[in-house]
Amino acid sequence: MRSITIAILASLLMSSVALATSGAREPTSRSVALIGAMIDAADPGSTIHVPAGIYTGNLIITKPITLDGGDATVFDGLGQGTVIDVRAQRVTVRRCVIRASGKDVTGEPAAVRVSAGSATIESNTIEDALFGIDLRESPDSIIRDNSIRCKDLDPGRRGDGIRLWWSHGCVIEDNTVRGSRDMVFWYSENLRIRRNTVTDSRYGLHFMYSHDTVLEENVLTGNSVGIYLMYSNRITLRDNRLTNNRGASGYGIGLKDCDDITVTGNALLANRVGMYIDNSPSSIGSTGLFKSNMVAFNEIGLLATPNTHDNVFTRNSFVENEEPAATHGRGRLDSNVFAKDGAGNYWSDYAGFDLDHDGIGDLAYEPRSLFGAMLAREPNLRLFVHSPAQRAIEFTARALPELRPEPTLTDPSPLALPQDLKLTGAHPRRPTAMGVLALLLLTFAGGLAFFLARNPGVIAPPQGVTE
Amino acid sequence: MNTLAPHSPARGVSSAVSARSFAGGIASFARREFRDSIASRWFLLYTIAFGVLAVGVSFLSLSGVGSHGFAGFGRTAAGLLNLVVLVVPLMALTAGAGTIAGERERGTLLYLLAQPVSRSQVVIGKYIGLAGTLVCSLCIGFGVSAGVLAWRTGGVGVGSYAMLVAFTVLLALAMLSVGTLISVVSRKPSVATGLGLFVWLTLVFVSDLGLMASSILLKLRVQEIFGLAVLNPLQAFKMAVIVNMNASLDVLGPVGAYASRTYGDSLSWMLATTLVLWAVVPLMLATLLFARKGAL
C-alpha cells in the first residue's frame with residue numbers, strides 16, 4: 001500500500017515538473033494519426049524512431065519504411081480493428097508494444113497484418129490480440145523475436161498467434177506465443193521455422209497444404225497438439241521439443257496425409273500421444289522417416305491408423321510410455337519398417353537380451369499387450385489403467401498363449417540401450433522440500449505412536465482369561 | 001487417566017462429564033488397541049513390508065531414464081499408486097477384521113464389556129487405535145520413501161506426494177472401517193479374515209474386471225461407467241490421486257475426460273467425500289450392529 005502511494009506521489013511530482021519545464025500539457029496517450037503524419041512526411045526506406053508514448057487507434061502503413069519503437073512505444077487499438085495494417089512492401093516494425101486489437105471474428109482483427117511482401121516484424125510485444133501477426137500473401141517476410149499473447153478467450157473463439165497465408169520463403173524464428181489458437185501456415189512453402197515457443201494454445205505449429213519446410217528446435221508445451229501437419233509434403237521436423245500436449249487429441253506430432261516427412265532428434269515427452277500418424281505417407285512411392293527421436297512418458301508412444309504404411313522407424317527410443325505403440329482401431333502396424341541397416345529402436349518394455357553385446361537385442365521386439373488390444377477396441381477401458389485388474393489381464397494373457405493377441409509390430413533388431421535423454425528444461429526438483437516432507441511424516445508417525453503408547457489405564461487384558 | 005476404573009462416575013450424570021468420559025473411554029480403548037497391535041507384531045510386519053515395498057518402488061523408478069525428474073504422470077507416482085492400491089486395503093481389511101473377532105475368540109471381549117463403557121465406545125475406540133497404528137505404519141513407509149526421493153532428487157512434486165499420502169490414509173481408514181464391520185458380524189477370526197480377503201479380492205480385481213466386462217457387453221455409456229466405478233473406494237482413491245497430480249483425469253481416457261469435464265474442480269472433493277463415506281458408514285453400521293448383537 002505504502003509503496004503504491006509513494007509511486008503515485010513520485011509520478012505526480014515528475015509530471016508536474018514536466019509540465020513546468022515544457023509549459024504544455026502532455027497527454028498520456030496520443031492519436032496514432034501523429035505517426036501516420038510522420039510516415040507521410042518521411043522518405044521511402046527511411047527509419048522513423050517513434051517518440052516514446054502511447055498511440056491509440058488503427059495505423060495503416062502504405063510506404064516502405066522502418067518503424068522503431070525503441071521498446072518505449074505502445075500502439076493501442078482500443079479494442080477496435082487491426083492495430084497496425086501493413087500494405088506496402090519492405091516495411092519493418094520493430095521494438096513496439098502492440099495491443100488491444102478488436103475481437104469480432106468476422107473482420108479477423110490482428111495486432112499486425114501484412115498484405116505485401118518482404119516485411120520484417122521484429123522484437124515486438126503483442127498483447128490482448130485476436131490474431132497476433134497475420135501475413136497474407138506476403139512472401140519473403142521475417143517474423144522474429146516477438147512475444148505474442150492472445151486475448152483470453154475460450155480456445156474456440158481465439159485467433160491465431162501467427163498465421164501465414166500464401167506467403168512463401170518466410171523466416172519465423174525465436175517467437176514466443178502464449179494462449180493463442182494455432183501458429184498456422186496455409187499454402188506457404190520453403191519456410192524456416194526455428195526456436196519458437198508455443199504454450200497453452202490449440203495447435204502449437206499447424207501446417208495446411210504447406211510444403212518443403214524445415215522446423216527446428218521449436219518448443220511446444222501444454223498445447224492441445226504440438227505440431228500438426230496436414231496435407232503437407234517434404235517437411236523436416238528436427239530437434240523440436242514437444243511436452244505435455246494433452247488436449248482432446250493430445251498429439252506431440254500429428255501427421256495427416258503427408259508425404260516424405262522426416263522426423264529426427266525430437267523429444268516427445270508426457271503427451272497424450274507422442275506421434276500420431278493418419279494415412280501418411282498417402283501417395284505411392286513416398287515414405288516417412290522417423291529417426292533418433294526420444295519418445296518418453298506418453299500415454300501412447302506411437303499411434304497410427306491401420307492403413308499407415310511405408311514409414312521407417314530407426315534408432316528412436318520409446319521409454320516408459322504407457323503403451324509403446326498402438327493402432328488407432330483394429331489392425332497392425334506391420335506395413336511399416338521398424339529397423340534400418342540393422343538398427344531398430346529402443347523399447348523400454350523389451351524383455352529380451354543382448355548376449356553378444358553388439359547393442360542389438362537377440363530377439364525381435366513384438367509387443368502383445370492383451371489390455372492394449374482391448375483398449376484399441378474399447379477406449380472406455382482406459383479408466384482401468386494403473387489398476388491391479390490391468391495387471392491381472394496381462395498376466396492371464398502370458399499364462400494362456402491362446403489369449404495373446406497378435407503383436408502390433410515387429411522390430412527385428414531392437415536396441416539394447418536408449419539414446420541420451422537431454423532434458424534440459426525438466427521440471428525443477430526440490431530435494432529440500434521433499435526431505436522436509438520425509439521428516440514431517442516420520443515425526444508425525446513417531447508422535448502418534450508416542451501419544452498412543454501411553455498408559456492405557458486399567459483395561460489391559462487380564463492374563464489367562466478364558467470363556 | 002483412569003476413567004474406566006470402577007469408581008469413575010456413572011454415565012449421564014451431567015452431559016459434560018459424560019462427554020468427557022465417553023471420549024476418555026474411547027481413548028483408553030484406542031491406546032490399548034495400539035499397544036496390543038505392537039505386541040502382536042502385525043504392526044511391525046506391516047510397517048516393514050510397506051516400507052520396504054515403497055522404498056523399492058522409489059528406487060526402481062529412479063533408475064535409468066526416469067531419473068531425470070520429468071513429471072508426466074511420473075512413474076514413481078504410478079508405481080507407488082499401484083503398490084498402495086494393492087497393499088493398503090489388504091493391511092487395513094485384515095487388521096480391521098481381526099479386531100473384535102479376535103477378542104471374541106480369546107474370550108477377552110466379555111471382560112472388555114464388563115468395563116463401565118458402552119459398546120459403541122468399544123468399537124470406536126478399537127477403530128481409532130487401529131487407525132492410529134495404520135497411519136503410523138503408512139507414514140513411516142512414505143516417510144522413508146520420501147527420504148529416498150529427496151536423497152536421489154527426483155520423482156514427483158512434493159505437493160502431489162503429500163496428497164498421495166493424505167489419500168492413502170483416507171483409503172486405509174475406509175478399508176479399516178469395512179474390516180471392523182466384517183469383524184463385528186463374524187463369529188470367528190478365521191471367518192473374519194477369510195471374509196476380509198474376499199472383500200479385498202472383490203474390490204481389487206473382481207469389481208474392476210466385472211465392470212470392464214459389463215461395459216463391453218452392456219455397452220455402458222461413459223457416465224454409467226464412471227458412476228459405477230466411483231462406488232469402488234479403490235477406484236475413487238486412484239482417480240483422486242491422479243486428479244491431484246495432473247489436474248485432470250484425461251489419463252483415464254474418455255471416462256476420465258468426461259468426469260473432468262462434468263465435475264471440474266469439484267471432482268477432487270467428490271472423490272474424497274466418497275472415501276469419507278466409505279470410512280464413516282461401515283463403522284456406524286458396525287457400531288449399531290455390535291450394540292444390538294452383543295458379545296457373542
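Just so it is clear: chains get the letters A, B, ... in the order the sequence lines come, proteins before strands, and each one is counted from 1. Since the structure is predicted, the reported quantities are computational estimates derived from the model, not experimental observations.
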A257(B), G253(B), P254(B): which one forms the most heavy-atom pairs within less than 4.5 Å of chain A?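 Of the options given, most contacts go to P254(B).
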Counting heavy-atom pairs closer than 4.5 Å to chain A, which one of L209(B), L220(B), V85(B) comes out on top?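 Between L209(B), L220(B), V85(B), the count favours L209(B).
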L440(A): side-chain contact (heavy atoms from CB on, under 4.5 Å) partners, not counting sequence neighbours: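 Only V436(A) meet the side-chain contact (heavy atoms from CB on, under 4.5 Å) criterion with L440(A).
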Do you see a donor-acceptor pair shorter than 3.5 Å between the side chains of [X] and [Y]?
{"X": "D208(B)", "Y": "Q235(B)", "answer": "yes"}
{"X": "T243(A)", "Y": "T221(A)", "answer": "yes"}
{"X": "Y161(B)", "Y": "S145(B)", "answer": "yes"}

Could you tell me which portion of [X] (side chain, backbone, both or neither) has an atom closer than 4.5 angstrom to a non-hydrogen atom of chain A?
{"X": "E33(B)", "value": "neither"}
{"X": "V165(B)", "value": "side chain"}
{"X": "L138(B)", "value": "neither"}

Which atom of V88(B) lies closest to which atom of A172(B), heavy atoms considered: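 Of all heavy-atom pairs spanning V88(B) and A172(B), the closest is CG1-CB, 3.8 Å.
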Does anything in residues 226-233 of chain B reach chain A? List residues with heavy atoms under 4.5 Å apart, or say none.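 So the qualifying residues are A229(B).
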Kindly determine whether Y251(A) and Y228(A) satisfy ring-ring contact (aromatic ring centres under 6.0 Å, His included), including the steps that lead there. CA-CA 8 Å; Y251(A) 311 138; Y228(A) 213 150; 5.7 Å; yes
Rounded to the nearest 0.5 Å, how far apart are CG of N244(A) and CG of L220(A)?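 N244(A) atom CG to L220(A) atom CG measures 12.0 Å (nearest 0.5 Å).
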Region of F371(A) in contact with chain B, defined by heavy-atom distances below 4.5 Å: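 Interface part for F371(A): side chain.
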Would the F50(B) and F142(B) ring centres measure less than 6.0 Å apart?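 Ring centres of F142(B) and F50(B) closer than 6.0 Å.
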